[in-house]
Amino acid sequence: MIYEFDFNSVFAYWQFFLEGARTTVVMSFWSTLAGFILGVLCAVARSSSIAWLSKTVGAYVEIIRNTPLIIQSYFLIFGMSSIGLTMPILVGAILALVINITAYTCEIVRAGIESVPRSQREAGECLGLSPLQVYWHIILVPALERVYPALTSQFILLMLVTSVLSAVGTEDLFGVSGQVQSMTFRNFEVFIILWGIYLALSLIVRALFWLLGKVLFVRRRRLGTLL
């Protein structure tokens with residue numbers, strides 16, 4: 001049996017793919033932004049000397065990293081609605097992504113913080129820097145420089161993982177593809193197009209993160225070590 005490709009019938013619904021890609025980008029952008037900020041704060045809290053705070057954040061990280069994203073999203077969107085706390089599906093999906101990526105960001109940034117030698121901290125104190133200046137200039141910023149490639153990969157993975165949330169009703173790129181399949185019955189062509197769009201989005205996002213790193217981390221740019 002020879003399979004005959006028919007992309008014309010699928011491309012007739014290009015508006016669906018465009019709208020789905022827009023939703024995927026919106027979900028990825030807000031969850032990445034919020035997840036990064038909260039992840040850094042959680043990393044600072046977990047690496048602090050306050051035992052109860054460190055253990056609380058550690059428990060949160062372990063719970064999130066050891067449970068599936070789809071279960072977390074079902075809990076937020078459908079589980080919470082059963083007790084009267086309803087929210088739009090898109091908002092619930094973004095919230096689930098934020099909660100999930102925050103835990104992973106926390107661990108990545110914490111590893112960067114712990115990689116800073118104590119001798120560098122002591123040197124900053126000897127130079128008369130305040131505790132806040134020491135933490136910002138000698139610990140946090142260098143830590144973020146070290147783990148930036150890992151963060152970039154994690155955030156790109158987050159964008160790809162948004163496809164899982166089509167199971168809860170989000171009309172992202174993967175979600176709308178089901179509608180196109182049901183109208184065209186050209187499943188193979190739809191998946192080829194999805195593969196191409198996701199690949200293009202990943203390359204674009206990676207390039208944007210690379211440019212952002214060039215702007216933010218001047219020292220690494222001068223040393224030529226920014227990946």
Inset, instruction - Report the distance from atom OG of S153 to atom OH of Y148, rounding to the nearest 0.5 Å. - result: 10.5 Å
Inset, instruction - Give a yes or no on whether W136 and V147 share a hydrophobic cluster (residues Ile, Leu, Val, Met, Phe, Trp, Tyr; joining criterion: side-chain heavy atoms under 4.5 Å apart). - result: yes
Inset, instruction - Start with the C-alpha distance between L173 and S163, add both sets of side-chain angles, then the distance that settles side chain to side chain contact (heavy atoms under 4.5 Å, CB included), and finish with yes or no. - result: CA-CA 7 Å; L173 184 57; S163 59; over 6 Å; no
Legend entry - Summary of salt bridge (Lys or Arg N to Asp or Glu O under 4.0 Å) pairs that have at least one residue in residues 23-43, sequence neighbours excluded: none
Legend entry - Atom pair OG1 (T56) and CD1 (I50), whose distance is rounded to the nearest 0.5 Å: 10.5 Å
Inset, instruction - Go through the steps for T105 and F155 under the test side chain to side chain contact (heavy atoms under 4.5 Å, CB included), then give the verdict. - result: CA-CA 9 Å; T105 302; F155 292 142; 3.6 Å; yes
Legend entry - Qualifying residues under ring-ring contact (aromatic ring centres under 6.0 Å, His included), relative to F75, sequence neighbours excluded: none
Inset, instruction - Apply side chain to side chain contact (heavy atoms under 4.5 Å, CB included) to the pair I99 and L76, showing each step before the final yes or no. - result: CA-CA 10 Å; I99 292 174; L76 285 171; 3.8 Å; yes
Legend entry - Considering all heavy atoms, the nearest V180-F16 contact: CG2-CB, 3.9 Å
Inset, instruction - Please report the closest heavy-atom contact between Q15 and A12, naming both atoms and the distance. - result: OE1-O, 3.5 Å
Inset, instruction - Working to the nearest 0.5 Å, report the span between CG of L97 and CE of M159. - result: 12.0 Å
Legend entry - ILVMFWY network linking W30 to L157, side-chain heavy atoms under 4.5 angstrom: yes
Legend entry - Path from V25 to W14 over hydrophobic side-chain contacts below 4.5 Å: no
Legend entry - Ring centers of F7, F5 separated by less than 6.0 Å: yes
Inset, instruction - Answer yes or no: is there a side-chain heavy-atom contact under 4.5 Å between L212 and F217? - result: no
Inset, instruction - Return each pair, listed once, that meets salt bridge (Lys or Arg N to Asp or Glu O under 4.0 Å) where at least one residue sits in residues 45-62; pairs must be two or more places apart or across chains. - result: R46-E107
Legend entry - Residue list, side chain to side chain contact (heavy atoms under 4.5 Å, CB included) with N187, at least two apart or on another chain: Q181, F191
Inset, instruction - Just jot down the ring-ring contact (aromatic ring centres under 6.0 Å, His included) partners of F78, sequence neighbours excluded, or say none. - result: Y74
Legend entry - Partners passing ring-ring contact (aromatic ring centres under 6.0 Å, His included) against Y60 (at least two apart in sequence or in another chain): none
List the atom pairs, with distances to 0.1 Å, where a side-chain N or O of residues 192-209 and a protein N or O form a donor-acceptor pair under 3.5 Å, not counting sequence neighbours.
unit_1 : atom_1 : unit_2 : atom_2 : d
Y198   : OH     : F174   : N      : 3.4
S202   : OG     : Y198   : O      : 2.9

Legend entry - Under 3.5 Å donor-acceptor, S47 side chain and A43 backbone: yes
Legend entry - Flag side-chain contact, heavy atom, 4.5 Å: V98 against T102: yes
Inset, instruction - For I101 and V161, run side chain to side chain contact (heavy atoms under 4.5 Å, CB included): C-alpha distance rounded to whole Å, both residues' side-chain angles, the deciding distance at 0.1 Å, then the answer. - result: CA-CA 11 Å; I101 194 61; V161 169; over 6 Å; no
Legend entry - Nearest atoms (heavy-atom pairs only) where S48 meets L53: OG-CD2, 4.2 Å
Inset, instruction - Locate the shortest heavy-atom distance separating A96 from L69; write the atom from each residue and the value. - result: O-CD1, 3.9 Å
Legend entry - Pairwise side-chain contact, S9 with D6, heavy-atom cut-off 4.5 Å (strictly under): yes
Inset, instruction - Check C42 against V57 and note the closest heavy-atom contact, atom names and distance. - result: O-CG1, 3.6 Å
Inset, instruction - Check whether any side-chain heavy atom of V109 sits under 4.5 Å from a side-chain heavy atom of Y104, and report yes or no. - result: no
Legend entry - Minimum-distance pair of heavy atoms, taken over all atoms of S28 and T32: O-OG1, 2.7 Å
Legend entry - Atom pair CE/OG1 of M27 and T24 - distance to nearest 0.5 Å: 6.5 Å
Legend entry - Summary of salt bridge (Lys or Arg N to Asp or Glu O under 4.0 Å) pairs that have at least one residue in residues 78-99, sequence neighbours excluded: none
Legend entry - From CD (Q154) to OG1 (T152), nearest 0.5 Å: 10.5 Å
Legend entry - Pairs flagged by salt bridge (Lys or Arg N to Asp or Glu O under 4.0 Å) wherever residues 182-195 is involved - sequence neighbours left out: R186-E189
Legend entry - E19: salt bridge (Lys or Arg N to Asp or Glu O under 4.0 Å) partners, not counting sequence neighbours: R22
Legend entry - For F17, all residues meeting ring-ring contact (aromatic ring centres under 6.0 Å, His included), sequence neighbours excluded: none
Inset, instruction - Hey, could you give me the CZ/OG1 distance between F11 and T184, rounded to the nearest 0.5 Å? - result: 11.5 Å
Legend entry - Heavy-atom side-chain proximity of T23 to L90 below 4.5 angstrom: yes
Legend entry - Those residues that, when tested against E171, pass side-chain hydrogen bond (donor to acceptor under 3.5 Å, both in side chains) (two or more places apart): none
Legend entry - Shared hydrophobic cluster for I37 and V26 (ILVMFWY, side-chain gaps under 4.5 Å): yes
Inset, instruction - Look at atom CZ of F188 and say whether more than 12 heavy atoms of other residues, nucleotides or ligands are closer to it than 6.0 Å. - result: no
Inset, instruction - Give the cluster check for L33 versus L216: same hydrophobic cluster or not, with ILVMFWY residues linked at side-chain heavy-atom distances below 4.5 Å. - result: yes
Legend entry - Side chains of T170 and V168 in contact at under 4.5 Å (non-hydrogen atoms): yes
Legend entry - Heavy-atom side-chain proximity of V44 to Y135 below 4.5 angstrom: yes
Legend entry - Polar side-chain atom of S54 near backbone of A51 as donor-acceptor pair, under 3.5 Å: no
